Structures are given as C-alpha cells and as structure tokens.
K.L.:
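Mind looking over this structure? Questions follow.
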There are 2 protein chains.
Amino acid sequence: MELVNIYECLCDLTRLRLLNVLAHGPLCVCHFQEILGEPQVKTSKHLAYLRSRGLVEVERVGNWRIYGLPAKPSRELRANLACLQDCVREKAVFRRDLARLKKLSPKFAATGPCGCS
Amino acid sequence: MELVNIYECLCDLTRLRLLNVLAHGPLCVCHFQEILGEPQVKTSKHLAYLRSRGLVEVERVGNWRIYGLPAKPSRELRANLACLQDCVREKAVFRRDLARLKKLSPKFAATGPCGCS
DNA sequence: GAACTATATTCCTCAATGGGAATATGAATC
DNA sequence: GATTCATATTCCCATTGAGGAATATAGTTC
C-alpha cells in the first residue's frame, strides 16, 4: 500500500466520516448509511473506494457486508488513522456521527450481526 | 483551512516530495526543480496548488519566489506534516531528495538568496 | 529600452472522481 | 420459485486534476 493511496482515501469528506465511524468498530453498509444520512449508492461506492486502496476489509455475513479497518494495518496507515482521530475529535460533523453511532448501537445489536431487518 | 484541503495536497507524489524538502526550510522554485529533477511547469504548478490550499506561503525576492511552510500552521497541518515526516523517513525517493538538498545547499547559499544565476 | 532570468499562466488532452438514477446480483424467506 | 432484502454495478454527466508546449509577466541587468 502506497502512502499516496492512503491520502487519496482521506481527501473526501464522506470517506473521512466513514473512517471516523470505522475507528469504533466494523459495521455493515446500511448502518453507515443510517449514521451518515447518505444514500446507498454513495455509501457503497465510497466503501468500495476505501477497499480498493486497502483501507478497509470486508466480510460477508448472509446478506450483509461488514466493513472494518484492516486487521493488520501498515505502519503508515496506523499513523495516519491516529492522526486523523486527533484532527477530527472536536469537529462537529464527526462528533455528530459518533453520537448517532452511540445512539443506534443498541438497535444495531438487537438483531444478530445487523439490525437492518 | 479544511482538513480535506490538506489531504488533497497530500495525495500526489510530487507534492509529497515538495513538502518533504520544505520541511527543511524554504527554497525558491528553481531549487525545487533541481532537487526533484522535475520540469519548471510541473514544479511551479504544484507549488501553486499547495499555496491555494494554504500549505505553503510565498515571499518575493527580486526575480525569485521563495516558498516555505506557513509561519503559523494550524494544529491539523502541524499534525499531518509531522505524520508525513514519520511515514516518509525511510522511503528511497524522499531520502534521495534530501540527499540532493544537502549536496546542493552550499551551491544554493553561494549567491545570496538563490544560487541559480 | 533591450535582453535575460525566474516564474506563472494559458491551452490542450487525457484520466480520474463524485453523485445520482436505474439496474444487477446474490442470499434469505415465504 | 417468486419475493424481499442488502449491496454492488453500470451509465450518465459535470468537475477536477495532471502533464506538457507555448506564451505571458515582471523584475534585473546591460
């Protein structure tokens, strides 16, 4: 994974928001959708973009795709994700996303690996 | 300055190389040109790009434009530049650029603010 | 003021990106 | 096997970016 590929992923607000949420654990696409309030296509495409550059990994569970940060991130990726966390901590959009994540977590947890149904 | 603007600047190898050199002090365009071995248009354009996003500042000295990192960088910028330094330290291209910088520094210093002439 | 120097800008072309509408895929359920 | 559900993919369009050739600009020097 090249350093530039990491930064390519970071230069879009939607992807930054996804990574911010991802830092707190893996989720399926419809959960990201609900937390960010973004349409399905947009969410799915950006996750695919992140995946194409190795910033996320996918696991298939029934109908769902669970996206999470890599199990073994490179040194560069770890450093940049940590830096991102630091930069983002006080920004409104990102805090709001995390607030929604917290609020929706019980609902998500209610129905197996995914509370979509 | 938005976080995304910083990452936009970081997602191109030439600009990463420029920033890496810049971390060791301001220089004029032709010096960057010589260190990176890139044509004038390319160098000038990427510096303009960095400037448009506030990652560098320019000072005019006679015919030269001296590009340097901002005197008062934002917290985000500082964090990301530090992270970049850390990520780049062992990569060949970047080390090579710094080696050239070191080698050429005396020559640069020889003629006032710029040793081009 | 003419020539030179360092740098920026303008055109051009090509490739990549973002976003949405519509459609495809593939697993689960009835 | 038809339907539903979660997700991906395809097409479309508009914007942006990278790179180079050529030209413009503006300061310096003779």
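Lettering follows sequence order; numbering is per chain, from 1. The model shown is predicted, which means the values in this text are computed figures rather than measured ones.
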K.L.:
About how many Å separate CD of A/Glu34 and CG of A/Leu104, when rounded to the nearest 0.5 Å?
P.N.:
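The distance works out to 5.0 Å.
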K.L.:
For A/Gln33 and D/dT7, give me the distance from atom CD to atom C1', rounded to whole Å.
P.N.:
9 Å
K.L.:
List every contact pair, protein side and nucleotides 12-16 of chain D side both N or O, where the distance is under 3.5 Å.
P.N.:
none

K.L.:
Return the value, rounded to whole Å, for the distance between atom CD of B/Glu34 and atom P of C/dT7.
P.N.:
11 Å
K.L.:
Take atom NE2 of B/His31 and atom C1' of C/dT5, then tell me their distance rounded to the nearest Å.
P.N.:
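Going from NE2 in B/His31 over to C1' in C/dT5 covers 13 Å.
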K.L.:
Between A/Lys72 and A/Glu57 (salt bridge meaning N to carboxylate O under 4.0 Å), is one present in this structure?
P.N.:
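Here A/Lys72 does not pair with A/Glu57 in a salt bridge, since their nearest N and O are not under 4.0 Å apart.
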K.L.:
If you assign A/Asp12 and B/Val29 each to the DNA chain C nucleotide with the nearest heavy atom, which residue ends up on the more 5' nucleotide?
P.N.:
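The 5'-side residue here is B/Val29.
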K.L.:
Mind calculating the distance between CG (A/Asn5) and P (C/dT17) to the nearest angstrom?
P.N.:
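Taking CG of A/Asn5 and P of C/dT17, I get 10 Å after rounding.
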K.L.:
Got a salt bridge between B/Arg53 and B/Glu2, using NZ or NE/NH1/NH2 to carboxylate O under 4.0 Å?
P.N.:
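No salt bridge links B/Arg53 with B/Glu2.
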K.L.:
Please report, rounded to the nearest Å, how far the P atom of D/dA6 is from the OH atom of A/Tyr67.
P.N.:
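Nearest whole value for this atom pair: 15 Å.
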K.L.:
Has A/Ser44 got a side-chain N or O lying under 4.0 Å from the OP1 or OP2 atom of D/dT7?
P.N.:
no
K.L.:
Set out, line by line, the N/O atom pairs under 3.5 Å between protein and nucleotides 26-30 of chain C.
P.N.:
unit_1: C/dG26; atom_1: N2; unit_2: A/Asn63; atom_2: OD1; d: 2.8

K.L.:
Are B/Tyr7 and B/Asn80 close enough, and set up right, to give a side-chain hydrogen bond (donor to acceptor under 3.5 Å, both in side chains), and what steps lead you there?
P.N.:
CA-CA 9 Å; B/Tyr7 291 127; B/Asn80 275 291; 3.3 Å; yes
K.L.:
Tell me the interatomic distance from A/Glu8, atom CD, to D/dG17, atom P, rounded to whole angstroms.
P.N.:
13 Å
K.L.:
Which nucleotide in the list D/dG20, D/dA18, C/dG19 gets nearest to the side chain of B/His46?
P.N.:
D/dA18
K.L.:
What distance do B/Ile35 atom CD1 and B/His24 atom NE2 have between them, rounded to the nearest 0.5 Å?
P.N.:
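NE2 of B/His24 is found 10.0 Å from CD1 of B/Ile35.
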K.L.:
Touch check for B/Arg15, heavy atoms < 4.0 angstrom, all strands: base, sugar-phosphate only, or nothing?
P.N.:
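Contact class for B/Arg15: sugar-phosphate only.
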K.L.:
Under 3.5 Å, is there any donor-acceptor pair linking the side chain of B/Gln40 to the base of C/dA6?
P.N.:
no
K.L.:
Decide, yes or no, whether a salt bridge links B/Glu8 with B/Arg15 under the criterion of side-chain N to carboxylate O below 4.0 Å.
P.N.:
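No salt bridge links B/Glu8 with B/Arg15.
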K.L.:
Can you measure from CZ (A/Arg78) to CD1 (A/Ile6) and round to the nearest 0.5 angstrom?
P.N.:
11.0 Å
K.L.:
Roughly how many Å is it from CD in A/Glu38 to C1' in D/dT7, rounded to a whole number?
P.N.:
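From A/Glu38 CD to D/dT7 C1': 17 Å.
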K.L.:
Treating Ile, Leu, Val, Met, Phe, Trp and Tyr as nodes and any side-chain heavy-atom pair under 4.5 angstrom as an edge, say whether B/Val21 and B/Tyr49 lie in one connected cluster.
P.N.:
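Per the 4.5 Å side-chain linkage, B/Val21 and B/Tyr49 are not co-clustered.
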K.L.:
Only one of B/Gln33, B/His46, B/Arg17 clears side-chain contact (heavy atoms from CB on, under 4.5 Å) with B/Glu38; which?
P.N.:
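Among B/Gln33, B/His46, B/Arg17, the one meeting side-chain contact (heavy atoms from CB on, under 4.5 Å) with B/Glu38 is B/Arg17.
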K.L.:
As a test of reading the structure: which of D/dT7, C/dG19, C/dT9 is closest to the side chain of A/Cys28, going by heavy atoms?
P.N.:
D/dT7
K.L.:
Nearest whole Å is fine: how far is D/dA8 C1' from A/Leu47 CG?
P.N.:
11 Å
